[in-house]
Amino acid sequence: MQHSNSKYWDFCAPIAGLLLTLSFAPFDYSYLALAALVFLFAAWQNGSAKRAALRGYLFGLGAFGSGVSWVYISMHDFGGAGVLGSSVLTGLFVAFWALFPALAGYLSAKTNGQSRIMLVPVIWILVEYLRGYWLLNGFPWLQIAYSQLETPLAGYIPVMGVYGTGFILALTASVVVEIVRGVAAYCSDDFSRLGRLASHLQLIMMLVILWSAGGLLRHQTWTHEIGQPIRVSMIQGNIAQDQKWRPENKINTLLKYKKMTEAHWDSTIIIWPETAIPAYLDQVNDAFLVPLGNDAKLHHTDLIISVPVQEVAPKKSFNAVITLGREQGIYRKTHLLPFGEYLPLQPLSGFVLNTINIRLGDFTPGANNQPLLKAGGYPFITLICYEDAFGDLSIRGLPDAAFLVNVTNDGWFGDSIEPHQHLQMASMRALETGRFLLRSTNTGVTAIVSPKGEIISQAPLFEETALTGTIIPMGGMTPYARWGDKPVIGLMVILSLALLGYARFFKLIE
């Protein structure tokens with residue numbers, strides 16, 4: 001019977017991983033994240049640490065296999081790799097990230113007693129932090145908090161960010177598992193557990209309070225208006241990724257963005273998507289950008305344009321954003337995308353990618369202390385593509401910045417779920433900071449996000465269009481903007497050590 005149960009848990013683990021993916025955009029079945037975690041945490045209680053690691057790994061294969069397999073499109077359709085090479089690399093990519101739920105499962109199975117209720121969520125969040133912030137420059141995709149933008153737990157996001165909100169969700173799952181175990185014991189007439197009925201009622205009350213408080217916090221306004229509405233336009237050029245860098249298309253691309261810009265001189269701010277200009281800054285500055293900047297100044301408009309920058313001595317390339325018109329400045333991307341803008345694990349990664357004929361960018365990260373760019377009379381925080389996946393990057397210019405600007409190019413991933421997931425993550429940055437976020441993309445999803453993390457308007461995918469709307473410059477600081485992730489992670493570390501010490505102490509006196 002035990003062997004049969006083991007097969008059941010093993011078989012269902014990747015299905016639970018799939019349910020986790022369905023909790024994120026574009027599906028948005030938010031509460032499936034809770035259901036997936038309840039199953040997983042329960043599965044970790046039925047077997048050895050090795051079995052728990054296996055189930056965590058199978059869960060990870062289901063989650064990452066369904067949730068991030070869009071990397072295949074970037075490698076096969078646009079990276080130049082064949083079907084076999086792209087399939088193998090995608091499989092390795094999924095298999096690698098699945099190791100993290102396996103690690104969480106192994107560590108969780110080592111816990112016991114009442115400390116398990118709190119310790120399992122702590123372990124989950126610390127493993128998420130390891131994956132999402134430290135390893136290979138961080139890969140925060142499918143972090144559980146992103147699924148909660150439409151639930152009462154969203155109220156905690158401007159207070160505790162991704163990791164604090166994720167902890168409350170994981171704690172909820174852990175408590176539900178304990179309550180279900182208590183109900184099962186009651187139904188089986190296990191009178192030794194009836195005495196714990198009061199403690200289970202207390203756990204239920206705790207969940208009611210946690211979720212109710214989150215719902216109340218959703219109505220809390222942490223920031224305030226500091227100016228008049230600003231009219232903005234985001235240009236979505238919709239240039240196919242496999243055509244973008246062809247030399248014969250460069251002039252037409254520049255003329256397209258120029259024409260679309262000239263149709264919106266009535267906007268105070270106009271934004272182009274990531275690397276909208278398929279050439280280095282010095283190659284197009286005098287003949288194209290300087291005259292365009294002069295026209296913008298005549299129309300009292302500020303342009304925010306993304307363009308790669310090359311420096312000769314020493315030779316470096318940067319993924320950058322410049323401002324033209326009334327305000328002029330430059331921002332060089334600081335947090336680069338591994339295997340997209342730089343190659344970690346050299347020389348192995350370079351050898352593998354060269355073998356299967358994938359050519360990737362070789363950018364240098366910009367300095368961390370760059371001054372804020374300005375547009376529309378206000379400073380703003382610049383997030384280039386992958387930078388919008390990290391909360392600590394969106395708060396480093398506060399409280400001075402009045403809004404956020406995110407330029408990106410999700411054309412690499414075609415008509416997959418990735419652009420929707422990416423917009424969901426960007427929306428989290430608006431809610432964390434209490435500011436409007438302007439998101440300009442090449443093929444979509446171009447959008448305006450409110451300080452509450454709500455999408456005010458968005459452009460359709462794969463259409464040449466300009467999204468126009470208004471934003472209000474915001475001031476003030478959310479609690480998360482003041483504290484960042486460090487207090488939450490520090491608390492998780494202290495809590496884990498305290499709970500481990502508590503468990504060991506009672507084990508010694510038994």
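Throughout, residue positions are numbered sequentially from 1 according to the sequence presented.
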Would you find a donor on one side and an acceptor on the other, under 3.5 Å apart, between the side chain of [X] and the backbone of [Y]?
{"X": "T90", "Y": "V71", "value": "no"}
{"X": "S174", "Y": "A170", "value": "no"}
{"X": "Y146", "Y": "Q421", "value": "no"}
{"X": "S86", "Y": "V83", "value": "no"}
{"X": "T334", "Y": "P365", "value": "no"}
{"X": "Q236", "Y": "L467", "value": "no"}
{"X": "E128", "Y": "I144", "value": "yes"}

Would you check if the distance from the ring center of [X] to the ring center of [Y] is below 6.0 Å?
{"X": "F403", "Y": "F380", "result": "yes"}
{"X": "F139", "Y": "F93", "result": "yes"}
{"X": "F167", "Y": "W124", "result": "no"}

4.5 Å side-chain heavy-atom contact, [X] and [Y]:
{"X": "W222", "Y": "P479", "answer": "yes"}
{"X": "I381", "Y": "R435", "answer": "no"}
{"X": "V449", "Y": "S427", "answer": "yes"}
{"X": "N319", "Y": "S306", "answer": "yes"}
{"X": "Y8", "Y": "D10", "answer": "no"}
{"X": "F27", "Y": "L32", "answer": "no"}
{"X": "H224", "Y": "M474", "answer": "no"}
{"X": "S108", "Y": "L119", "answer": "no"}

Are more than 12 heavy atoms, taken from residues, nucleotides or ligands other than [X], located less than 6.0 Å from that residue's [atom1] atom?
{"X": "K110", "atom1": "NZ", "result": "no"}
{"X": "Y31", "atom1": "OH", "result": "yes"}
{"X": "Q220", "atom1": "CD", "result": "yes"}
{"X": "W211", "atom1": "CH2", "result": "yes"}

Separation between [atom1] of [X] and [atom2] of [Y], rounded to the nearest 0.5 Å:
{"X": "L142", "Y": "S23", "atom1": "CG", "atom2": "OG", "value": "8.0 Å"}
{"X": "L171", "Y": "L37", "atom1": "CG", "atom2": "CG", "value": "11.5 Å"}
{"X": "Q143", "Y": "M425", "atom1": "CD", "atom2": "CE", "value": "6.5 Å"}
{"X": "I209", "Y": "L216", "atom1": "CD1", "atom2": "CG", "value": "11.5 Å"}
{"X": "H422", "Y": "W141", "atom1": "NE2", "atom2": "CH2", "value": "4.5 Å"}
{"X": "M477", "Y": "T433", "atom1": "CE", "atom2": "OG1", "value": "10.0 Å"}

Checking side-chain contact (heavy atoms from CB on, under 4.5 Å) against P101, which of F59, Y57, Y106 comes through?
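The residue from F59, Y57, Y106 that satisfies side-chain contact (heavy atoms from CB on, under 4.5 Å) with P101 turns out to be F59.
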So N137 and H335, side chain to side chain contact (heavy atoms under 4.5 Å, CB included) or not? Walk me through it.
CA-CA 8 Å; N137 228 15; H335 197 115; 3.5 Å; yes
L169 and S147: side chain to side chain contact (heavy atoms under 4.5 Å, CB included), yes or no, with the steps?
CA-CA 10 Å; L169 178 61; S147 66; 4.3 Å; yes
Evaluate the ring planes of W9 and F39, with Trp represented by its six-membered ring, and classify them as parallel (under 30°), tilted (30 to 60°) or perpendicular (over 60°).
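Tilted.
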Using 30° and 60° as the class boundaries, would you call the ring planes of Y72 and H76 parallel, tilted or perpendicular?
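Plane angle under 30°, so parallel.
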Taking all heavy atoms of [X] and all of [Y], pick out the closest pair and write down the distance.
{"X": "R116", "Y": "Q45", "value": "CD-NE2, 3.2 Å"}
{"X": "T111", "Y": "V120", "value": "OG1-CG2, 4.2 Å"}
{"X": "L61", "Y": "A98", "value": "N-CB, 3.6 Å"}
{"X": "F390", "Y": "R429", "value": "N-NH1, 3.6 Å"}
{"X": "F413", "Y": "I73", "value": "O-CD1, 3.3 Å"}
{"X": "A459", "Y": "T465", "value": "CB-CG2, 3.7 Å"}

What pairs with [X] under side chain to side chain contact (heavy atoms under 4.5 Å, CB included), at least two apart in sequence or on another chain?
{"X": "A52", "value": "W44, A109"}
{"X": "L103", "value": "L107, V127, L130"}
{"X": "D28", "value": "A25, Q424"}

Looking only at the side chains, is there a donor atom on one of D77 and Q241 sitting less than 3.5 Å from an acceptor on the other?
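Looking only at side-chain atoms, Q241 and D77 do not form any donor-acceptor pair under 3.5 Å.
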Distance-only side-chain donor-acceptor flag, S30 / E150, under 3.5 Å
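Per modelled atom types, S30 and E150 side chains form no pair under 3.5 Å.
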Could you go through the side-chain hydrogen bond (donor to acceptor under 3.5 Å, both in side chains) check for T446 and S440 one step at a time?
CA-CA 5 Å; T446 297; S440 181; 5.0 Å; no
Go through it in stages, so that I can follow the logic: the residues are V445 and L461, the test is side chain to side chain contact (heavy atoms under 4.5 Å, CB included), and I'd like the CA-CA distance, side-chain angles, deciding distance and then a yes or no.
CA-CA 6 Å; V445 182; L461 278 164; 3.9 Å; yes
Using the side chain to side chain contact (heavy atoms under 4.5 Å, CB included) rule, take T408 and I384 through it: C-alpha gap first, then chi angles, then the decisive distance, then the call.
CA-CA 6 Å; T408 193; I384 301 178; over 6 Å; no
